[in-house]
Number of protein chains: 2
Amino acid sequence: MSTHRASISDLAAQLNLSVSTVSRALSDHSRISDATKKRVWELARQLNYQPNQLAAALRKGRSNTLGVVVPHIDGQFFALVVKGIETIANQAGFNVMICQSNEDAAQEQKNVETLLNAQVDGILLSLSLSTHDFGYLEAIRRRDIPVVFFDRVVESKDVSAVVLNDYQGGYEAVCHLIEQGCRQIAHLGGPQHLNICRNRYQGYADALRHNGLPIDPSLVNFSDLRIQDGRQGMETLLNQAPQLDAVFSCNDLALVGAMQIIKRRGLRIPQDVALAGFSNELFDSLTEPMLTSVDQRCEEMGRTAVQMLLELINEGPTKVAPRQVVLQPNLLIRESSLRTDLLQETKA
Amino acid sequence: MSTHRASISDLAAQLNLSVSTVSRALSDHSRISDATKKRVWELARQLNYQPNQLAAALRKGRSNTLGVVVPHIDGQFFALVVKGIETIANQAGFNVMICQSNEDAAQEQKNVETLLNAQVDGILLSLSLSTHDFGYLEAIRRRDIPVVFFDRVVESKDVSAVVLNDYQGGYEAVCHLIEQGCRQIAHLGGPQHLNICRNRYQGYADALRHNGLPIDPSLVNFSDLRIQDGRQGMETLLNQAPQLDAVFSCNDLALVGAMQIIKRRGLRIPQDVALAGFSNELFDSLTEPMLTSVDQRCEEMGRTAVQMLLELINEGPTKVAPRQVVLQPNLLIRESSLRTDLLQETKA
DNA sequence: ATGAAAGCGCTAACAT
DNA sequence: ATGTTAGCGCTTTCAT
């Protein structure tokens, strides 16, 4: 017995049928007799027939494969988004090819080309931090391959995209701190050329304003939000505004740094200083106290993005108008901000 | 101008050449004149010709795609392994398709079938926790598709695999604790039916033995190693062996739980109790004190596994004998175990 | 140095 | 209900 893989024509030959009949039988075509179908299926099982998807893809002009480009796959956020993408894509019978741009615009462009050459049916794309020139995206449009952006998106009404409402996340977190009785709320902000950081800051500012609180520049510190930036930022804030009673951070890493400084100074969390961050990182439940944070609904973002993409693929990119979906964030209240007894720990 | 994608025959028609000549020119065949090559390349550039890899793959019987099956993609470990895999695979001109089994044996089998149907040239596989029946792997062998296992492997000399030396990791961590002056070293162990947990425990036991220390059952606690297991395990250990002066944990999550209990009891780390864990999780540098841990060389594992797979693909699976690569772990010493002044913080 | 022709395995008109 | 035929875009023998 050879190691030869059974093909449709093998089945056809053994059954004295034409390849087309076998092909139809395999796909349960309505005008093939039940008897024939049974014979075909039985032999296919026996010979362990597996369709050659490459050939089918070539013929049909459709690979049943989706391409994904993310800045990186390590780190909680994109890993979860990808998980969401895979779940839905597989359910719909699509394979997924994942590429990492490593935050590099050139690599991102190469990734896209790779995916196009692999004849993917659609692309899910989250831009690298260094991508400023979007010209190369023309290549995708020229090929009529649908694209859906997620999280890091081209800000345009002409593209399909799904993003989180970062503004709302900041707004809710700060409102929560105010509800807990905080009145001097500081902010650790990120690079303001990034829309997510800008929006979170805007949410912070508006929450203060709507509650009749002033925006005090000495309560705001911008940085790159690494852990050491959080430490340094907190030192600065405590020096120039020792009366502060809460911190809202644009990410959780900087918040951990801030927390270290606060503890070191002998201040109590949340009684003296309440803390809230952004991203609901895994470690938020490992610190003491556990950190309140805005959840970004990563998996949902992934699921939504694929659903939009599948729609574009099935309807044809010209028929469906581009739209922008905005997901609502989910504030997870933990010990670091809860001054009352009720501890609301939702999900993870 | 149509949205039609240029194909080889388009180029051939426009240049009054045959498709075969154009095909050869594009692949820089030696017996095509430089003049012709230049004409072909020029027009290809103009028309933005992109080869249809599907067609080439069908013809060549080679898809230039590798399949990867991991238990899950979130979580530091596999994300980093995948990163390593992608790096090398892309360098070698291979695409990568990633599937998640979600620790489910049935899903894992489906993933493998999906990859085989997608005509991948090789498969990288890390087994799910629930995989006990390896019969389905026969399907891969029947197709002569090379496979390399990593981390969670089939323990057999007949398969190619790359794993970490978990025994050595446990051994080194415990030797380090002994060097720091600890003599009553406790162990938080994982499920002993998992070879990684068993090996780490063996490393612990042998390190004690080789240093003339007794193995005291009241210093050992087995669990599933979630954070709450770590807390509970530590309570138990401290109750039944209050004299303990160090803990080696089979993973870092349980160690965090243990740390919380130790702090709560007012014991100092590392002066009263020194701590060492396993996996070098991201949060190890966020806790106070920072946690000593055994790094698993995730990216290197990924890189090594692809290299082995590419070798199998290029040489043919029958020509290269299966081999098992064992990577040496890397102990990262941080504050939680360092009783002297020298703080050795290597890499991240 | 170039061309003609076959074929990878499949699907889908277009017959009958 | 089944068969015939063409072709997806490419590579590769075999000619010349």
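What you are looking at is a predicted structure, and each value in this text was computed from that prediction instead of being measured. Sequence lines set the chain letters: A, B, ... in the order given, protein chains first and strands last, and positions in each chain run from 1. Hydrogens, waters and symmetry mates play no part in the numbers below; they use all other heavy atoms, side chains included.
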Q.
Taking 4.0 Å as the cut-off, does a side-chain nitrogen or oxygen of A:S33 come that near to OP1 or OP2 on D:dT2?
A. yes
Q) Which atom pair, heavy atoms only, marks the closest approach of A:L115 to A:M97? A) CD2-CB, 4.0 Å
Can I get a per-line list of side-chain donor-acceptor pairs under 3.5 Å for residues 153-163 of chain A, giving both atom names and the distance, sequence neighbours left out?
residue, atom, partner, partner atom, Å
A:E155, OE2, A:N195, ND2, 3.3
A:S156, OG, A:D158, N, 2.8

Q: Report yes if at least one side-chain N or O of B:S23 is closer than 4.0 Å to OP1 or OP2 of D:dT11; otherwise report no.
A: yes
Q: Give B:L58 one of three labels, base, sugar-phosphate or nothing, depending on what nucleic acid heavy atoms sit under 4.0 Å from its own.
A: base
Q.
Rounding to an integer number of Å, can you tell me how far B:N52 CG sits from D:dG7 P?
A. 17 Å
Q: Please state whether the base of C:dG9 and the side chain of A:R5 form at least one donor-acceptor pair under 3.5 Å?
A: no
Q | Salt bridge B:K37-B:E42, side-chain N to carboxylate O under 4.0 Å | A | no
(Q) Which nucleotide wins on minimum distance to the side chain of B:K60, given the candidates C:dA1, D:dT12, C:dC10? (A) D:dT12
(Q) Reading DNA chain D from 5' onward, which residue's closest nucleotide shows up sooner: B:R59 or A:S18? (A) A:S18
Q: Look at the side chain of B:R24 and the base of D:dT13, then say whether one donor and one acceptor between them are separated by less than 3.5 Å.
A: yes
Q: State the NE2-CD distance between B:H72 and A:E86, to the nearest 0.5 angstrom.
A: 13.0 Å
Q: For B:I8 and C:dC8, give me the distance from atom CD1 to atom C1', rounded to whole Å.
A: 15 Å
**Q.** Rounded interatomic separation in angstrom, taking CG from B:L26 and C1' from C:dT2
**A.** 15 Å
(Q) On DNA chain D, does the nearest nucleotide to A:S20 precede the nearest nucleotide to B:A6 from the 5' side, or the other way round? Give the residue. (A) A:S20
(Q) From C-beta outward on A:T36, which listed nucleotide comes closest to its side chain: D:dT2, D:dG9, C:dT11? (A) D:dT2
Q: Rounded to the nearest angstrom, tell me the gap between atom NE2 in A:H29 and atom C1' in C:dC14.
A: 13 Å
Q. Between D:dG9 and B:Y49, is there an OP1 or OP2 to side-chain N/O distance shorter than 4.0 Å?
A. no
Q: Would you classify A:N16 as touching base, sugar-phosphate or nothing, given that sugar-phosphate means primed atoms plus P, OP1 and OP2, and contacts are heavy atoms under 4.0 Å?
A: sugar-phosphate
Q.
Check this for me, if you would: do A:K110 and A:E113 make a salt bridge, where the nitrogen-to-carboxylate-oxygen distance has to be below 4.0 angstrom?
A. no
Q) How close or far is atom P of C:dT11 from atom CD1 of A:I32, stated in whole angstroms? A) 13 Å
Q) Does a side-chain N-to-carboxylate-O contact under 4.0 Å join B:E138 and B:R143? A) no
Q.
From CG of B:N117 over to P of C:dC10, roughly how many Å is that when rounded to an integer?
A. 11 Å
(Q) On the nucleotide D:dT2, are OP1 or OP2 found under 4.0 Å from the side-chain N or O atoms that A:T21 carries? (A) no
Q.
Once you apply a heavy-atom cut-off of 4.0 Å, does B:L17 come out as touching a base, just sugar-phosphate, or nothing?
A. sugar-phosphate
Q: Nearest whole angstrom, please: distance from the C1' of C:dC10 to the CD of A:Q53.
A: 12 Å
(Q) Output the rounded distance in Å from CZ (B:R39) to P (C:dA1). (A) 16 Å
